[in-house]
Amino acid sequence: VVGGNESKGYDVENSLRFNKGDSPRLSRTPSSEGNRKTWSYSTWFKRGNLKSSGSMNFISAGAQSGTNGTGIQTNNDAIRLIHDDGTPFFTFQSSQVLRDVAAWYHLLVTCDTTDGTAGDRIKFYLNGNNITSDMSYTNGSAPSQNSDLRINDDGAHNIGARSYHNDNFFDGYMAETHLIDGTVKAPTDFGEFDDNGVWIPKKYTGTYGTNGFYLEFKQTGTSANSSGIGADTSGNDNHFAVTNLASTDITEDTCTNNFATMNPLDKSGDDITLSEGNLAGTWSNNNGHSMQGTIGVSTGKWYYEAKYGTGNIFLGFLNLDRDNTYNGYNYIPALGTKVTTFSYTTASYGATASVGDIIGVALNLDDGEITFYKNGSTQGTAFTSIPSGTYAPHFGYAGGSTGGTATEMNFGNPSFSISSGNNDGKYGNFEYAPPSGYYAL
């Protein structure tokens with residue numbers, strides 16, 4: 001992805017980041033049943049770690065024992081609805097897979113088992129497009145007319161996990177999450193195409209029904225109330241309890257303000273483990289492997305930060321137009337050196353870093369320069385006369401030791417606590433103020 005995404009209309013301010021390794025979820029058990037035959041579920045999401053084998057849940061409902069439940073989830077990177085309620089059992093799954101970790105997707109799933117046409121009872125819409133005809137029942141068949149699914153029953157409902165086993169946790173970001181109890185909605189209730197044909201969000205103005213909810217993720221508390229992460233702002237006060245989520249998981253990375261992350265599809269080795277919405281990286285051995293970020297730029301001035309962990313991590317930018325030359329321009333904080341990869345030319349540069357130090361990286365494509373900072377202090381211009389091209393953040397391990405603990409990237413959307421709070425004048429949240437005229441990715 002080159003460039004970001006700026007809304008021209010309705011802006012979504014917050015999302016919730018789910019880190020699968022933490023077993024995170026929001027949960028609620030309704031006091032009574034709603035309409036189990038007719039409902040609509042809408043959410044925007046951005047994927048973190050992919051899972052080519054197994055499932056991760058957006059929403060699920062059912063008793064927390066046995067196999068009684070209904071869930072909307074990714075499965076082998078496809079999307080599906082699974083109804084596992086003894087008899088009948090069915091799964092309705094897409095043929096396409098969703099593996100773009102740079103993109104925000106919009107998903108709408110509607111259910112109306114009262115419909116006389118079996119093929120119209122469950123419908124999936126992705127980014128405003130009806131993809132139902134491209135889906136198939138990989139197990140079982142369409143639900144029978146007037147049958148009840150588990151969404152809107154009086155059993156446990158989870159966001160980000162399978163409710164009937166508290167597993168299959170989601171990894172990534174969710175925003176603008178709605179459940180409409182008792183009504184089938186159209187994609188145009190939640191979004192619209194802009195002048196460039198891109199699907200963008202718009203404010204939902206309809207009703208919600210008894211068990212419906214609207215999660216905006218604007219609060220940071222951990223209780224099931226209006227101040228909590230799982231606060232329902234539909235007017236129903238159907239608030240969710242919070243498990244293994246914290247205030248730092250409320251982010252500004254949304255479908256109208258898309259920040260860079262590291263890209264698990266563009267890494268040179270399997271010894272790199274990503275977490276925290278693809279913002280934290282750990283190396284398991286001393287192989288010199290690396291990866292790139294999800295946003296590239298070819299003009300202008302850009303800034304990001306990293307909270308240093310341990311090991312010989314390098315940070316910088318990579319020229320994606322390298323044409324068989326690995327033009328990466330990087331700083332190794334642990335060694336106090338700079339390095340140009342491919343030729344692997346090293347030189348002394350800057351101070352050495354300790355655990356928790358904040359390393360700033362400033363790319364000036366107008367003048368062809370890269371400068372690094374340690375805890376807000378410039379280390380001097382590291383590289384000059386860098387060639388023109390499209391540059392993406394570069395993050396890797398230079399080898400020489402047995403691996404490194406997590407270094408956390410901050411492209412303006414940190415996974416760690418910021419003690420001060422600075423931005424580029426409009427976007428992002430940094431520990432130290434970006435240099436004048438530099439912007440978040």
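All values below come from the heavy atoms of this structure, side chains included, with hydrogens, waters and symmetry mates left out.
Counting only N and O atoms by type, the side chains of T91 and N139 include a donor and acceptor under 3.5 Å apart. For the 3.5 Å distance criterion, the side chains of N257 and E252 fail to qualify, holding no donor opposite an acceptor. Counting only N and O atoms by type, the side chains of S226 and H239 include no donor and acceptor under 3.5 Å apart.
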Please tabulate, for side-chain N and O atoms in residues 358-370, each donor-acceptor pair with protein atoms closer than 3.5 Å (sequence neighbours left out).
from : atom 1 : to   : atom 2 : distance (Å)
N364 : OD1    : D366 : N      : 3.0
N364 : OD1    : D367 : N      : 3.0
N364 : ND2    : D367 : OD2    : 2.9
D366 : OD1    : G300 : N      : 3.3

Let me see the working for H178 and S40 under side-chain hydrogen bond (donor to acceptor under 3.5 Å, both in side chains), right down to the final yes or no.
-> CA-CA 8 Å; H178 304 260; S40 302; over 6 Å; no
Might you work through the side-chain hydrogen bond (donor to acceptor under 3.5 Å, both in side chains) test for E408 and Y308, ending with a clear yes or no?
-> CA-CA 7 Å; E408 297 179 80; Y308 175 67; over 6 Å; no
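Every ring-ring contact (aromatic ring centres under 6.0 Å, His included) that Y329 has, sequence neighbours left out, goes to F383. Applying the side-chain hydrogen bond (donor to acceptor under 3.5 Å, both in side chains) rule to D77 yields the partners R47, R99; only residues at least two apart in sequence or on another chain are considered. Under the side-chain hydrogen bond (donor to acceptor under 3.5 Å, both in side chains) criterion, S234 pairs with D232, not counting sequence neighbours. Not a single ring-ring contact (aromatic ring centres under 6.0 Å, His included) links F217 to another residue, sequence neighbours left out. Shown here are the ring-ring contact (aromatic ring centres under 6.0 Å, His included) partners of Y137, two or more places apart in sequence or in another chain: F90, F92. Under the side-chain hydrogen bond (donor to acceptor under 3.5 Å, both in side chains) criterion, N76 pairs with no residue, sequence neighbours left out. Residues passing the ring-ring contact (aromatic ring centres under 6.0 Å, His included) test with Y125, sequence neighbours excluded: none. Partners of Y331 by side-chain hydrogen bond (donor to acceptor under 3.5 Å, both in side chains), not counting sequence neighbours: none found.
Taking the ring centre of Y173 as origin, the terminal cationic atom of K46 falls inside the region bounded by 6.0 Å and 45° from the ring axis.
Listed here is the closest heavy atom pair of F124 and T132: N-OG1, 3.0 Å. S163 and G62 make their closest contact through OG-N, 3.1 Å (heavy atoms, listed as atom of the first residue, atom of the second, distance). Looking at every heavy atom in both residues, F58 comes nearest to I79 through CE1-CG2, 4.3 Å. Shortest non-hydrogen contact noted between A392 and L320 is CB-CD1, 3.9 Å. Closest approach of S55 and N168 over heavy atoms only: O-CB, 3.5 Å. Minimum interatomic distance between N211 and P30 (heavy atoms only, all atoms of both residues): OD1-CB, 3.5 Å.
Looking at N236, its side chain never comes within 3.5 Å of a backbone N or O of F213 through a donor-acceptor pair. Listed for the K338 side chain is a donor-acceptor partner under 3.5 Å among the backbone atoms of A382. T294 contributes a side-chain N or O that, together with a main-chain N or O of T261, makes up a donor-acceptor pair within less than 3.5 Å.
Among residues at least two apart or in separate chains, side-chain hydrogen bond (donor to acceptor under 3.5 Å, both in side chains) pairs with a member in residues 371-388 are D357-N375. The stretch residues 297-314 participates, sequence neighbours left out, in no salt bridge (charged side-chain N to carboxylate O under 4.0 Å, His left out) pair at all. Screening residues 214-225 for salt bridge (charged side-chain N to carboxylate O under 4.0 Å, His left out) gives E13-K218, E216-K218 as the qualifying pairs, with residues at least two apart or on separate chains.
When the shell of 6.0 Å around OH of Y439 is examined, it contains 12 or fewer heavy atoms from other residues, nucleotides or ligands.
Taking OG of S60 as the reference point, atom CD1 of I159 lies at 8.0 Å (rounded to 0.5 Å). Taking CG of N327 as the reference point, atom CD1 of I386 lies at 9.5 Å (rounded to 0.5 Å). One distance of note links CG of N429 with OG of S417; it measures 10.0 Å at 0.5 Å rounding.
Between L16 and T251 the shortest side-chain heavy-atom distance does not fall below 4.5 Å.
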